[in-house]
Amino acid sequence: MKGASATAGDTGDSSVAVNVRVRVYPGTDDEVGGTVVEDFGDLAGHAVDIGENHMVGPARRWAVALDGGGLVFVDSDQLVAE
């Protein structure tokens with residue numbers, strides 16, 4: 001997972017919301033700009049493990065339409081409002 005510092009998730013910054021411009025993966029070589037298009041909030045799921053079988057990881061909270069095209073799903077610690 002790509003990390004970042006001083007992000008919405010670890011600073012308590014509540015300025016990230018739908019229609020807000022953000023930087024995804026800030027402070028990394030993969031940093032890109034985009035706009036939040038969906039906040040899954042409490043709907044973001046949990047990892048599913050059945051016995052020793054890992055079925056799926058947890059869903060990400062934010063859907064971000066990237067400036068260069070495409071869509072990414074990220075957690076709060078992977079973005080920061082511009």
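For reference, positions follow the sequence shown, starting with 1.
Within the 4.5 Å cutoff, no side-chain heavy atoms of Asp75 are placed close to those of Trp62. Within the 4.5 Å cutoff, side-chain heavy atoms of Val16 are placed close to those of Val36. Side-chain contact between Val64 and Val37 is absent, with no heavy-atom pair separated by less than 4.5 Å.
Test Val80, Val32, Asp67 against Val24 for side chain to side chain contact (heavy atoms under 4.5 Å, CB included) and you get one pass: Val32.
Separation of atoms OG1 (Thr35) and CD (Glu82) is listed at 8.0 Å; rounding is to 0.5 Å.
Salt bridge annotation for Asp77-Arg61: absent, with no cationic side-chain nitrogen under 4.0 angstrom from a carboxylate oxygen.
Of all heavy-atom pairs spanning Val74 and Tyr25, the tightest one is CG1-OH, 3.8 Å. The minimum heavy-atom distance linking Leu71 with Ala65 is given by the pair CD1-N, 3.9 Å. In plain terms, the two heavy atoms of Val20 and Ala81 that are nearest each other are CG1-CB, 4.1 Å.
Between the Glu31 side chain and the Gly27 main chain, a donor and an acceptor come within less than 3.5 Å of each other.
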